[in-house]
Amino acid sequence: MSRPGPAVGALVGALLAAPLAALMFAVQRALGAPFPPFDAFDLLARTLPGPVVTFGIDRLVDVILLLNLGAVDDVAKLAEQALALVLFLGLGAALGAAAFAVLRGEGVRSTVLRTTLLGAAWGLVAFLIAGRVAEEGAPRPLPTALWLLLVFGAWGAALGGSRDRLAALAPTPPADGAPAPEAQVERLDRRRFLLRLGGATAVVTVAGAGLGALLRSTRPEVAASQAGDPASATPWSERNPLPNADAEVAPAPGTRAELTPVPEHYRIDINTVPPRVDGASWQLRFDGLVDTPLDFSLEELQSFPSRDEFITLACISNRLGGDLIGTTRWTGVSLRRLLPHVGLLPDATHLRISSSDGFYEVVSIATALADDRVMLAYAWDGLPLTRAHGYPLRVYVPDVYGMKQPKWIERIEAVDGWEEGYWVARSWDDEAQIRTTSVIDTVAVDEAFEDDEGDMRVPVGGIAHAGARGISRVEVRVDDGAWQAARLREPLSPLTWVLWRFDWPLQEGEHTFTVRCVDGEGNPQIEERNPVRPSGATGLLQETVRV
Ligand SMILES: Nc1nc2c(c(=O)[nH]1)N[C@H]1C(S)=C(S)[C@@H](COP(=O)(O)O)O[C@H]1N2
Ligand SMILES: [Mo]
């Protein structure tokens, strides 16, 4: 009788990996145990060469934009998670195939012990990976190791049990083969066994995944620590008017919100799921070339005089007109206020800021001393940072892209020279200064109105942004006409985007609008098209409408 081979092994390995993933998901939700499929994916993303990772991200974003799948950051995270699961099932298939191939000569003897050891070995690797990508607040190692050895060992035992069962059963009969007389009783052939196995694994998978999804609501975000205090659970912007509420220029209807609601703010980072940090036990370690290494608790940081800033944050990967940009009100402490407490040594030139997810960047001490807007921020829009946006602490540095601004920071080390940050080491721009860009959000044909002279005008509007340099001029061109000045709305602060508006005298037909701007230092936006890598996208945006 022929023994089940690697192809059957791959099928069984993958089938059994699905309930394995689902069970681990449920236990992760309930107890915070690691979820190895995502851990392995994150480790891969951090260790693969930068160009490989960047190429992968670029293609992913291409597909999202091509198929118009929705907000780039949300869809990309979902796609990463799906890919992580597919890789995990693929690994289960590869191990199953290898095991069945090696055990082919074993006849009907029991192989369960050996496959259990194989599963446990996979569990051990998963445990080591979880330890490498783990952040503060990760569960204790011993129970974690036991759990992973147990559940992966069970995968291995089920693999061996299935193999032994298949080895004892008749191979699937050929399609044209008439059933043998003895089979008329209850005949369990290999195909039927595999179908049953598939059904059973599907049930456990659905049950585990469903349980995990239900558990979501019972494990509140660490950041939602203000639950008892209803006033502070309301965002600042819902309790206060914006500082430019009386601005002369109103946004054209259809322009994006001037202040981005935090739940809608884009999220970009190297984690399949954001790190979970316990704010009560968390401390910021300040060490390196200092007189007095110090640990600051969140409470200590909040006892320093705070500063509030309206800030537009943009990702260097934001494509022209893309959605990886947002504005909110940041609250924190100026980094330079901490420096006297630790006493920098004369050799110190830079601060290396590192995060619980392994991300890091450097800020020059000269910048931190000269610019009190460089801050350690603990609140967005009047509430503690959410887990996705860096709870409990993130850094802000004016005029540079998000890649220079670590979230979830846990250590600041004074060092004696510049170093490459996480993305700089992966071949992105050293400086990553924000480029000057302008975007058309709306040509509000439906909102056409009659002006004082009785002419119909169409409100056209959008944003212009140049980091901390501000915007001094925005111009619009219709078809091949002359560039005409748009009106600028007074911004929320010198660190935010500027909303612009141009009331266009309506003309019927098809028209193309182009926008360009000049930053606050008099430098015009670069009109030549450049891709996002390595220094941020440039080029002019156009919008064509039929009137
Ligand atoms: N620890 C950590 N900080 C990080 C990142 C990261 O991957 N890990 N990504 C950076 C990048 S590339 C950007 S654009 C901003 C995005 O911040 P947001 O997700 O709060 O919008 O976070 C930055 N800080
Ligand atoms: Mo970014």
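Just follow the structure's listing: the first ligand is 1, and inside any ligand the first atom is 1.
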For [atom], find the nearest protein heavy atom and state the residue, atom name and distance (0.1 Å precision).
atom: atom 12 (S) of ligand 1; value: Met403 CA, 3.6 Å
atom: atom 23 (C) of ligand 1; value: Gly402 O, 3.1 Å
atom: atom 14 (S) of ligand 1; value: Tyr266 OH, 3.2 Å

**OP:** Using non-hydrogen atoms of the residue, decide whether Pro406 is closer than 4.0 angstrom to ligand 1.
**Re:** yes
Within reach of ligand 1, part of [X] (heavy-atom separation under 4.0 Å):
X: Ile409; result: neither
X: Tyr401; result: neither
X: Ser355; result: side chain
X: Trp380; result: side chain
X: Gln405; result: backbone

Original post:
Strictly by modelled atom types, are Thr436 and Arg469 linked by a side-chain donor-acceptor pair under 3.5 Å?
Top reply: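 On atom types as modelled, these side chains qualify, holding a pair under 3.5 Å.
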Original post:
Is it true that the side chains of Thr255 and Asp441 contain a donor and an acceptor less than 3.5 Å apart?
Top reply: no
Does a side-chain N-to-carboxylate-O contact under 4.0 Å join [X] and [Y]?
X: Glu309; Y: Arg373; result: no
X: Glu361; Y: Arg352; result: no
X: Asp295; Y: Arg285; result: yes
X: Asp381; Y: Arg329; result: no

Original post:
At their closest point, which heavy atom of Phe513 faces which heavy atom of Val460, and how far apart are they?
Top reply: CE2-CG2, 4.0 Å
Original post:
What about the rings of Phe38 and Phe35, do their centers lie closer together than 6.0 Å?
Top reply: yes
**OP:** Kindly state whether the ring of Phe310 and the ring of Trp236 have centres lying under 6.0 angstrom apart.
**Re:**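 When the ring centroids of Phe310 and Trp236 are compared, they turn out to be within the sub-6.0 Å range.
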**OP:** Could you check whether the rings of Phe152 and Trp122 sit parallel, tilted or perpendicular, using 30° and 60° as the cut-offs?
**Re:**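 Phe152 and Trp122: perpendicular rings.
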Original post:
Under 30°, 30 to 60°, or over 60°: which ring-plane class applies to His265 and His389, parallel, tilted or perpendicular?
Top reply: perpendicular
Ligand-side contact atoms (ligand 1) for residue partner [X], heavy atom cut-off under 4.0 Å:
X: His265; result: 21 (O)
X: Arg267; result: 19 (O)
X: Leu313; result: 17 (O), 21 (O)
X: Cys315; result: 14 (S)

Looking only at distances, please establish whether an N/O atom of ligand 1 is found under 3.5 Å from an N/O atom of [X].
X: Trp423; result: no
X: Trp408; result: no
X: Ile270; result: yes
X: Ile268; result: yes

Subject >> Option set Arg394, Lys404, Lys407, criterion heavy-atom distance to atom 19 (O) of ligand 1, minimum >> reply: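 Nearest heavy atom to atom 19 (O) of ligand 1 lies in Lys407.
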Subject >> Option set Leu385, Asp357, Leu324, Asp269, criterion heavy-atom distance to atom 8 (N) of ligand 1, minimum >> reply: Asp357
Original post:
Looking at side-chain heavy atoms only, is the closest gap between Asp74 and Leu78 below 4.5 Å?
Top reply: no
